[in-house]
Amino acid sequence: MTAATPAASVAQQALELFRTNRFSAPSAPSPGVWAAPGRVNVIGEHTDYNEGFAAPMAIDRYTAVAAAPRSDGLLRLVSAAGAFRESVAEVPLRALSPGTPPGWVSYPAGVAWALLDVGVLDGGSFGGADLAFASTVPVGAGLSSSAAIECATGLALAGLAGADLPPALLARLAQQAENAYVGVPCGPLDQLCAAFGVAGCVLFIDTRSGEVTPYPFDLPAAGLTLLVIDTKVHHDLGASGYPDRRAACERAARQLGVPALRDLTVAELGRAERELDERTARRVRHVVTENERVLEFVSLLAAGDLSGTRLRAVGRLLTASHVSLRDDFEVSSPELDSVVDAALRGGAYGARMTGGGFGGSAIALTAQDRTAAVAAAVLSALPAADIFPAVPATSAHRVC
Ligand code: GLA
């Protein structure tokens, strides 16, 4: 294995952690390593649980897990990231039960539970595993560190058991782990992106059919940079805000008599405004117009190079998405608004918050030769921000 790729270098860290914790008996087979990426959602926010459209890309930041089988019915887990740094957790497979244990361990534990539940892992023969995690996906930054840990774990456990786990099933079980075990009512966006990511492409996802179509988004070839701006701020409101927004959308769909907000068109927004209270109508308007923006975005990508008027139109879509999330869906934050405004003042083509919101990260699409000016403008607005470029990267895979 070379450490030349982003996944390979984090895989090396996971292997070192595995060894320093003496996870395997000297006679045991050497561990395998699996990795899964974080993501930025380029456009299509809060549409996934409304059966709508989204266009995320996996990024060149990975969570890797070095894993080897056990035969005593235990999961042993250690992580090089986050608050639980390098303390070993032990979870007996027979004790797997939604909500336990709390903290980061519930993500991989939930994946084991989901795989056992559907029989991808055979409860009679699967004897547990040693799992050592390392990651370059920032935690709490809205870049899907949870889907990365879930998808890396899913592939690793299936790999150890010699079981087949195609990407669609990996994504479904990872989402199931997060919904039913961890207790976060997320949609399918993040897990689909980690499972299907393609280097150099954004993924057009129809969350109703589950169909994922890659569209070339070769930023370097177009002379472009996508900056990720981690505000380093996460507001507590996120914990209740996300389920609240989801519930409001589902209620609105019922009131309007449609299976999901995906089924409303822009032409029907007038009816939504007449039949719903003012705030709910704004929530609906965000979802309906955001779906339209995703469709426009991918048709611009399909139309040819990202340059000239097409590029400026893409930039305008990103910024319009931010305004809609800020004003209609109300999931932005003062820090996100301020870095988006600063990036635009610095000359970005477009900028928006990415992910669930209430803090976390924004993205800015900029010409390569404007990158330094955009970053400087952002830092003068929010000196604590962490800014890095991201390129579309490959999906969850076995590294070695
Ligand atoms: C979080 C959730 C996703 C999606 C986004 C908002 O990332 O995990 O399912 O709903 O928020 O687009």
Side-chain angles (χ1 to χ4, degrees), residues 36-59 61 63 106-107 110-111 137-151 171-197 202-208 210 212 228 230-231 234-235 237-250 253 260-262 283 286-291 293-294 297 317-318 321-322 324-326 328-333 336 352-363:
R39 63 104 187 88
V40 296
N41 195 8
V42 180
I43 195 160
E45 217 67 83
H46 289 275
T47 48
D48 65 342
Y49 52 80
N50 291 300
E51 300 187 17
F53 306 115
M57 65 185 217
I59 59 172
R61 298 280 185 126
T63 294
S106 69
Y107 292 86
V111 171
V137 187
V139 174
L143 301 174
S144 268
S145 59
S146 48
I149 194 172
E150 289 155 8
C151 290
R172 187 163 67 73
L173 295 178
Q175 187 197 352
Q176 172 74 4
E178 188 149 344
N179 290 165
Y181 199 96
V182 183
V184 176
C186 66
L189 169 76
D190 306 337
Q191 292 80 7
L192 283 169
C193 188
F196 282 93
V202 287
L203 307 175
F204 171 55
I205 301 181
D206 178 339
T207 62
R208 172 166 279 166
V212 179
V228 177
D230 177 1
T231 63
H234 207 87
H235 296 276
L237 183 60
S240 58
Y242 186 93
D244 280 0
R245 293 302 181 280
R246 183 171 180 156
C249 289
E250 288 166 355
L261 292 186
R262 145 76 173 267
R283 306 293 189 246
H286 165 71
V287 174
V288 173
T289 58
E290 185 78 348
N291 277 329
R293 283 185 285 272
V294 176
F297 172 69
L317 287 173
L318 299 188
S321 166
H322 183 79
S324 177
L325 287 156
R326 183 191 66 197
D328 280 350
F329 216 64
E330 294 181 286
V331 291
S332 188
S333 69
L336 286 166
R352 60 182 290 273
M353 54 156 280
T354 188
F358 305 104
S361 297
I363 52 172

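As a basis for the values below, the full set of heavy atoms in this structure was taken, side chains included, without hydrogen atoms, waters or symmetry mates. Positions are given from 1 along the sequence. Both counts, for ligands and for their atoms, begin at 1 and track the order of listing.
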Verify, without hydrogens or angle tests, whether Glu51 (side chain) and Thr207 (backbone) share a donor-acceptor contact under 3.5 angstrom.
no
Residue pairs meeting salt bridge (charged side-chain N to carboxylate O under 4.0 Å, His left out), one or both in residues 179-194, sequence neighbours left out, come to Arg39-Asp190
Taking all non-hydrogen atoms of both residues, which atom of Asp230 and which atom of Pro138 are closest, and how far apart?
OD2-CB, 4.1 Å
Classify the ring geometry of Tyr242 against Tyr49: parallel below 30°, tilted from 30° to 60°, perpendicular beyond 60°.
perpendicular
N/O contact list for ligand 1, threshold under 3.5 Å:
residue: ligand 1; atom: 7 (O); partner: Arg39; partner atom: NH2; Å: 2.9
residue: ligand 1; atom: 7 (O); partner: Asp190; partner atom: OD1; Å: 3.4
residue: ligand 1; atom: 7 (O); partner: Asp190; partner atom: OD2; Å: 3.0
residue: ligand 1; atom: 8 (O); partner: Asp190; partner atom: OD2; Å: 2.6
residue: ligand 1; atom: 9 (O); partner: Asp48; partner atom: OD2; Å: 2.6
residue: ligand 1; atom: 9 (O); partner: Gly187; partner atom: N; Å: 2.9
residue: ligand 1; atom: 9 (O); partner: Gly187; partner atom: O; Å: 3.3
residue: ligand 1; atom: 9 (O); partner: Tyr242; partner atom: OH; Å: 3.4
residue: ligand 1; atom: 10 (O); partner: Asp48; partner atom: OD1; Å: 2.7
residue: ligand 1; atom: 10 (O); partner: Asp48; partner atom: OD2; Å: 3.4
residue: ligand 1; atom: 10 (O); partner: Tyr242; partner atom: OH; Å: 2.6
residue: ligand 1; atom: 11 (O); partner: Gly356; partner atom: N; Å: 3.4
residue: ligand 1; atom: 12 (O); partner: Glu45; partner atom: OE2; Å: 2.6
residue: ligand 1; atom: 12 (O); partner: His46; partner atom: N; Å: 2.7

Using distance alone, with no hydrogens and no angle criterion, decide if Arg352 and Ser321 have a side-chain donor and acceptor under 3.5 Å apart.
yes
Answer yes when Arg262 and Asp206 have at least one side-chain N-carboxylate O distance shorter than 4.0 Å, and no when they do not.
yes
